[in-house]
Amino acid sequence: MKKLVVIIAMLAALVTIMAAEHPFLKENSAFYPSLRTKVYSSLLSENPSYLNYEYVFRQDPKPFPMYLSLLKMDTYAWDDSLDTDGESYRFPGLSHPFENWRVFRGAFLEAFSTREPQFSIASFTYADSSLMLLADLNFQAGYEHTYNQDYAYGLWYKGFRINAGFNENFGMRADWYSGAYFGAADSAYVHSPLVDSFVKPESELWIDNLSADIYYQNQNLSLSLGRGKFQVGNSISGSIILNDRSNEYGYLLAEGSFGALTLSFLHGSLVADSTISVYQQSPNGASLDSKNYPDKFFALHQISYDLGRKLKLFFGETVVYGNRSLDLNYLLPNTFWRITEHNLQDRDNVLIFGGFDLKPSRRMTFYTQALIDELKYKELFSSWWGNKYAVQSGISYLMPIGEQNPRLSLEFTAVRPWTYTHFLDHNKYSHDQKPLGFPKGSNLIDYAIELNLPIVGGIELNSQASYTRQGSLGNDFSLNYGQNMQNQTKTTAQWLEGKITDTTRIQSAVKISSFCHHNFLLGVDLTNEEDWQSQYFAHWQFVY
């Protein structure tokens, strides 16, 4: 009896620790920016790497008052037939909604309630003197419909989520979904934000996606092996350093905090944008090179220093390299990779970045980051095309209105022509034909404003408006400057060179998360280049 009391108490402590914040990314992490956009045109667009799935608390029909007192939670028992003491707790062992009729009835009714979830498809709990384990399995399914004056398409999908924690320091997660489009599948292939990699165009357009990680964390160290994506630097329109609007990639992450000093490291395995042609065509016309992708890798390291709680300075480098195996040189987080790259025959794509975050008050945040893609001191302030750099700066303010403060953010981004490009196709600053840098490309000036407005009871309105001026010269990461430029020594490039396109975009969506296991998203996306184009969407998601 005494041992069981200890076990329950240990489980309570584990639940409290693991539900508090992100499982392994700390507040000052380089990969966990405090400001990210909340404007999405799909419920599946939100980055799974940043979602923290809290564990459910099963209501067991057996009364254990002495254990309940150790696991006292704020959650109330909405069904007295399941809990005579009116408290929530997690009973050791396997639990699921089909244990008996009373549990099934409670689990079924909860699917339509607005209370905090206390059931999942399956949960497992174990504890002894040396090991504590919590594990939840959730089923997810949904439907998304998108309408435009020229097309309409829908997406049915299903999937699962796994969340498990071992003691206070270890854990693992997985988030998978698979679905098929119907209607205007060709338009979905072009316009859906979820089509970012593999598709299967059979009788219908079919996609699937997986995010997962295994991690260890303590007070000073975070380690993770996973498949995911990250944003580096505060931004609402997309980071100029590393954005998370691509497909997931395999990665190794390590981060150490030593007081005010933090050293961050990330190494990822990417997919090249195109294959290598080394074979002849087969007799039936099929390409034997269709799967012959070269190896491609991405690495990032950053050092940051917190001057109190108001100012954070950071500096780092990124490198994209490929067509060879993993390079041990880029596993050293404490060296200058630009120098290393010079000694590797100057064949990789190295970028240098830095910036600061300033919080003059609890409600206000200023941020600025800059990136250099090429560096020749004698050409630094000239119009030479190789002066490839980007600057991004913004301000965010939490309004003192209501219990959940609305947030208003303004941002400015400027990216020089030819930034993110390279003379080797496998070294483009991209992953599977999606940019890793600023999502809108280069040779541009962009202004963005975003409002995040909590309304009431899990309902929030998120809106973003942006205005972009972009020139047609060197405005895309996919361009190969080695093939598009005859004289790299004398070629110049002015800001917004080429034909200028002005684009205004307004995105607005209402997210409804008032229900226990249901989410809804209703929104509109308006874009104007020469005339206004409108897109409307309505999405439903069920997670149990």
Side-chain angles (χ1 to χ4, degrees), residues 20-36 49-50 215-224 229-236 238-244 251-268 298-319 329-341 350-373 375 380 389-398 409 411-413 436-438:
E21 55 185 25
H22 195 279
F24 62 89
L25 294 177
K26 298 179 175 59
E27 184 180 359
N28 62 343
S29 170
F31 309 108
Y32 194 33
S34 59
L35 184 64
R36 307 185 302 274
S49 297
Y50 293 136
Y215 61 87
Y216 169 84
Q217 62 84 28
N218 60 31
Q219 183 178 356
N220 302 104
L221 180 65
S222 298
L223 297 173
S224 176
K229 52 188 178 180
F230 301 95
Q231 174 180 308
V232 174
N234 289 322
S235 177
I236 58 171
S239 171
I240 60 173
I241 303 167
L242 178 64
N243 81 73
D244 62 349
Y251 69 85
L252 172 65
L253 181 152
E255 196 162 38
S257 297
F258 315 95
L261 188 69
T262 301
L263 182 62
S264 309
F265 172 80
L266 177 73
H267 199 288
F298 173 83
L300 179 149
H301 65 160
Q302 174 182 303
I303 185 169
S304 57
Y305 191 77
D306 288 308
L307 297 170
R309 291 185 172 271
K310 292 189 175 182
L311 180 61
K312 175 183 177 180
L313 306 175
F314 59 90
F315 170 84
E317 296 174 292
T318 69
V319 58
N329 289 281
Y330 297 129
L331 295 181
L332 295 172
N334 57 327
T335 62
F336 289 105
W337 289 348
R338 171 70 72 176
I339 298 172
T340 300
E341 192 260 352
V350 178
L351 282 69
I352 301 173
F353 66 89
F356 68 87
D357 298 331
L358 175 65
K359 292 182 68 70
S361 68
R362 182 177 62 86
R363 298 185 180 277
M364 186 171 291
T365 301
F366 293 96
Y367 58 93
T368 294
Q369 48 248 2
L371 174 145
I372 299 174
D373 192 7
L375 188 62
L380 195 56
Y389 59 86
V391 178
Q392 188 172 69
S393 186
I395 179 174
S396 181
Y397 181 67
L398 284 173
S409 305
E411 187 169 279
F412 167 78
T413 306
L436 291 175
F438 192 61

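For Ser239, the side-chain hydrogen bond (donor to acceptor under 3.5 Å, both in side chains) test picks out no residue, with sequence neighbours left out. By the side-chain hydrogen bond (donor to acceptor under 3.5 Å, both in side chains) test, Thr335 pairs with no residue at all, sequence neighbours left out. Contacts of Phe230 classified as ring pair (Phe, Tyr, Trp, His ring centres under 6.0 Å), with partners at least two apart in sequence or in another chain: Phe31, Tyr251. By the side-chain hydrogen bond (donor to acceptor under 3.5 Å, both in side chains) test, Gln302 pairs with no residue at all, sequence neighbours left out. Residues meeting the side-chain hydrogen bond (donor to acceptor under 3.5 Å, both in side chains) test with Asn220, sequence neighbours left out: none.
Neither side chain, Asp357 nor Thr365, offers a donor N or O lying under 3.5 Å from an acceptor on the other. Judged purely by distance below 3.5 Å, without hydrogens or angles, the side chains of Gln392 and Thr413 pair a donor atom with an acceptor atom. Side-chain atoms of Tyr367 and Glu411 form a donor-acceptor pair, as typed in the model, at a separation below 3.5 Å.
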Atom pairs and distances, donor-acceptor, side-chain atoms in residues 257-267, under 3.5 Å, two or more places apart:
unit_1, atom_1, unit_2, atom_2, d
Thr262, OG1, Asn28, ND2, 3.3
Ser264, OG, Glu255, OE2, 2.4
His267, NE2, Tyr321, OH, 2.9

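Phe24 pairs in a side chain to side chain contact (heavy atoms under 4.5 Å, CB included) with only one of the listed residues (Tyr216, Tyr215, Tyr32), which is Tyr215.
The side-chain heavy atoms of Glu341 and Tyr330, taken from C-beta on, include a pair separated by under 4.5 Å.
Judged by distance alone, the side chain of Trp337 and the main-chain N or O of Leu351 form no donor-acceptor pair under 3.5 Å. Using modelled atom types, no side-chain atom of Gln369 and backbone atom of Gly233 make a donor-acceptor pair closer than 3.5 Å.
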